[in-house]
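Labels below follow one simple rule: chain letters A, B, ... track the order of the sequence lines, proteins then strands, and each chain is numbered from 1.
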Number of protein chains: 2
Amino acid sequence: MASGIVSEDSEEFLVQLAWLYFVDGMTQSEIAERLGVTRLRVNRGIGLARARGLVRVEMASPFAAALDLQARLVERFGLRFARVGLADRGADDGHQAVGAALAYFLEEGLARNAWGSIGVSWGLTIENAIRALKPRSLPELEVVSLIGGTVSGLRFNTFGVAANLAQRLGARHSVLPAPIYFETQAMAEAVMASRPFHEQIRKAEEADLAILVTGDLSDRSFLVRDGLPADVTAEDLARAGAVGDLLGQFLDAEGRPIDHPINRRVVGVPVARLPAMREVVLAAAGPHKVPVIRAQLGAGLAHGLITDDVTAELLLAA
Amino acid sequence: MASGIVSEDSEEFLVQLAWLYFVDGMTQSEIAERLGVTRLRVNRGIGLARARGLVRVEMASPFAAALDLQARLVERFGLRFARVGLADRGADDGHQAVGAALAYFLEEGLARNAWGSIGVSWGLTIENAIRALKPRSLPELEVVSLIGGTVSGLRFNTFGVAANLAQRLGARHSVLPAPIYFETQAMAEAVMASRPFHEQIRKAEEADLAILVTGDLSDRSFLVRDGLPADVTAEDLARAGAVGDLLGQFLDAEGRPIDHPINRRVVGVPVARLPAMREVVLAAAGPHKVPVIRAQLGAGLAHGLITDDVTAELLLAA
DNA sequence: CTGTTAGCGATACAAGTGTATTTTTTCCTT
DNA sequence: AAGGAAAAAATACACTTGTATCGCTAACAG
């Protein structure tokens, strides 16, 4: 019902608002008066412009705030690099901060033209990062999915994530047109072995950059909550020794895939291939994810880590 | 209170503030509490971070708001392009809006690598634009002064402008090490004819982009207020038919240099050479500048115009 | 030792902002 | 044409921000 609250949400209007507010520093009531609309409209419009990523705040050296944590992470886990943003300790979803940190990391690399193809999975973190990215036109770049998608139309579906990121960057994209999990191991193997899938997965494995996310086994994980096949529960996985997932594959505390059918029904780049990839970064934060992250970093599954200060402290604490 | 709190205006502190405020959306009091400083400090720090250009708001398609005005300016004055920002009609100095517009224009071109060298003069507008620019590293780029500088240490002195812009862009720069006006015509001619000056001016004339500003004859013009030689007054110039200046040279209502000694005592690229330059843009706004701008555009002294909506309307009104 | 001054913290307050609630308008249906 | 639903406007209010003011303290010169 409450679908289109702000009706006059044309880009032109929003750009006007943004200009008058952020560039000229006019007050919302002044703008409302000048444009002949209500202050409410202005207020909502400005919010909308930010939410849509039409205006972004860029920061000169965003990672200057946590230099020490970054250095200690690199040292401790033998990483190539680490980037840590500052979390809002009040809000319980650290996605905001990590998303922004991931975006700044991507901006750096994109400015250097460091990657010809980028592999992504899914999740709120990436979704947030996309919005914080500056729109570009990079027709040479290709965004590839590292993993299948869910059937249900979740907004952070892999298909959507790859498409949105590609659109933001003016790049091409390709996905793995399959569910994350097949009903049976046989079906998954058959599909993965077929020509087009084989080639697509290979393309994913050859991406210049892979952006990984991870989830734990709690209800806070979207994969656990909505993405698991009907016949598998989080309890099953915990009993089999899992602490969380990477690319839909469930890993134990040492970062090894657990011995459970679900790991053989998955469609995506196998975790075992990650160490051979060119550049793999893990973007994850939240106290509940600390064990999973530590497992994955310990197993050498990522070259770089992007997280927030709270998570970084916890990772270093043990 | 914690021990190692960075309580000065260090970049690290400001970046922390900016991150917590703009990325995490925390309130100023929350930030103050978390960092163990007073809210006042946070408030001022955030302002400082903006003023220093440490955080910038970028906007997706900044010139979408005034498409029609731009088209009409191009049509009316036979320009290659026009960019118009939205002025705050309350504030009487339009420098904010034009500065931002100029910055967006430069961002466009810099992203395309459109220029190998950029010529600048001086003024508040350019100063504002520099702060709104994203820092870069373009060691191949050279910023050159199109004009001499003032003796007094005005902060928008040409020398400073060229140096600041170059620093922001990570570029080299060179200036015309002379005052704008010499005491006598003979001195000016002698200097301009000397080898190093001759070469420097030639380099300026060959710049890929020239950014011009202009002033009228009122007290609002910094050149008139502080930059004129002691023996010349604005009244003299007005009597000689001047309506304003371009590169320190005073022009009449048709855009022709007036016949007055001051125009022969100036150190800089002669206005007459502008039409032969590759790309010349005039960045100027304000109702009081309308006659000068119109004169200059009428005489074909610029290929492009960067201004604000108020000025654009007035230019088109006549 | 004392008076002066610069700077910071505390307090206060006016203005600005984000959101919830109620009223009005508009437009569609019957 | 009347009734009803949905959108926009008006109203209200709690909270946030920016700035002015006062008073304390510490540094410093005489």
Side-chain angles (χ1 to χ4, degrees), chain A residues 1-57 59 86-93 96-97 128 131, chain B residues 1-57 59 86-93 96-97 128 131:
Chain A
M1 6 164 184
S3 51
I5 299 176
V6 182
S7 71
E8 180 60 299
D9 53 356
S10 70
E11 175 154 326
E12 186 191 333
F13 179 65
L14 295 184
V15 168
Q16 268 187 29
L17 292 183
W19 188 288
L20 294 172
Y21 191 68
F22 292 108
V23 177
D24 289 342
M26 285 173 69
T27 162
Q28 297 188 354
S29 0
E30 285 171 344
I31 298 173
E33 199 181 344
R34 166 153 166 193
L35 264 42
V37 299
T38 65
R39 189 173 71 77
L40 186 75
R41 276 272 264 287
V42 174
N43 189 292
R44 288 244 200 80
I46 290 170
L48 193 61
R50 295 175 88 151
R52 283 209 202 154
L54 231 151
V55 302
R56 285 154 301 111
V57 277
M59 199 170 315
L86 303 180
D88 176 358
R89 282 165 189 156
D92 48 8
D93 63 333
Q96 195 61 38
N128 269 318
R131 236 168 329 172
Chain B
M1 58 201 85
S3 53
I5 284 173
V6 196
S7 59
E8 347 120 43
D9 309 334
S10 71
E11 174 154 326
E12 185 191 336
F13 178 65
L14 295 184
V15 168
Q16 269 186 29
L17 292 182
W19 187 288
L20 294 172
Y21 191 67
F22 292 109
V23 177
D24 290 341
M26 286 173 69
T27 163
Q28 297 188 355
S29 359
E30 285 171 345
I31 298 174
E33 198 181 345
R34 166 152 164 195
L35 263 42
V37 299
T38 67
R39 188 173 72 78
L40 189 74
R41 269 265 248 292
V42 174
N43 189 293
R44 276 216 296 250
I46 290 169
L48 193 61
R50 295 176 86 153
R52 282 207 203 158
L54 233 153
V55 300
R56 284 155 301 113
V57 276
M59 161 169 355
L86 304 181
D88 177 357
R89 282 165 189 156
D92 47 9
D93 63 332
Q96 196 61 39
N128 269 319
R131 236 168 327 170

Tell me: CG of L40(A) to P of dA12(D), nearest whole Å?
15 Å
If only side-chain N and O atoms of T27(B) are considered, is one of them under 4.0 Å from the OP1 or OP2 phosphate oxygen of dT17(D)?
yes
Choosing from dT17(D), dA10(C), dG18(C), which nucleotide comes nearest the side chain of Q28(A)?
dG18(C)
Between dA15(C) atom P and E33(A) atom CD, what is the distance in whole Å?
16 Å
Check whether any side-chain heavy atom of F22(B) lies under 4.5 Å from a side-chain heavy atom of V57(B), and answer yes or no.
no
Taking atom C1' of dG18(D) as reference, at what distance in whole Å does atom CG of L17(B) sit?
15 Å
Which nucleotide wins on minimum distance to the side chain of N43(B), given the candidates dG18(C), dG18(D), dA10(D)?
dG18(D)
Which heavy atom of R34(B) sits nearest to which heavy atom of A87(A), and what is that distance?
NH1-O, 2.6 Å
Rounded to whole Å, how long is the line connecting atom CZ of R44(A) with atom P of dA8(D)?
9 Å
d(Q16(B) CD, S10(B) OG) to nearest 0.5 Å is 8.0 Å
R41(B) side chain near dG9(C) phosphate (N/O to OP1/OP2, under 4.0 Å):
yes
To the nearest angstrom, how far is F13(A) atom CZ from dA8(D) atom C1'?
13 Å
To the nearest angstrom, how far is I31(A) atom CD1 from dT17(C) atom P?
8 Å
Should D24(B) and I31(B) count as side-chain neighbours, where that means a heavy-atom distance under 4.5 Å?
no
For M26(B) and dT16(D), what is the distance between atoms CE and P respectively, to the nearest whole Å?
12 Å
Below 3.5 Å, does any donor atom in the side chain of R39(A) face an acceptor in the base of dG18(C), or the other way round?
yes
Separation of dT16(D) C1' from F22(B) CZ (nearest whole Å)
14 Å
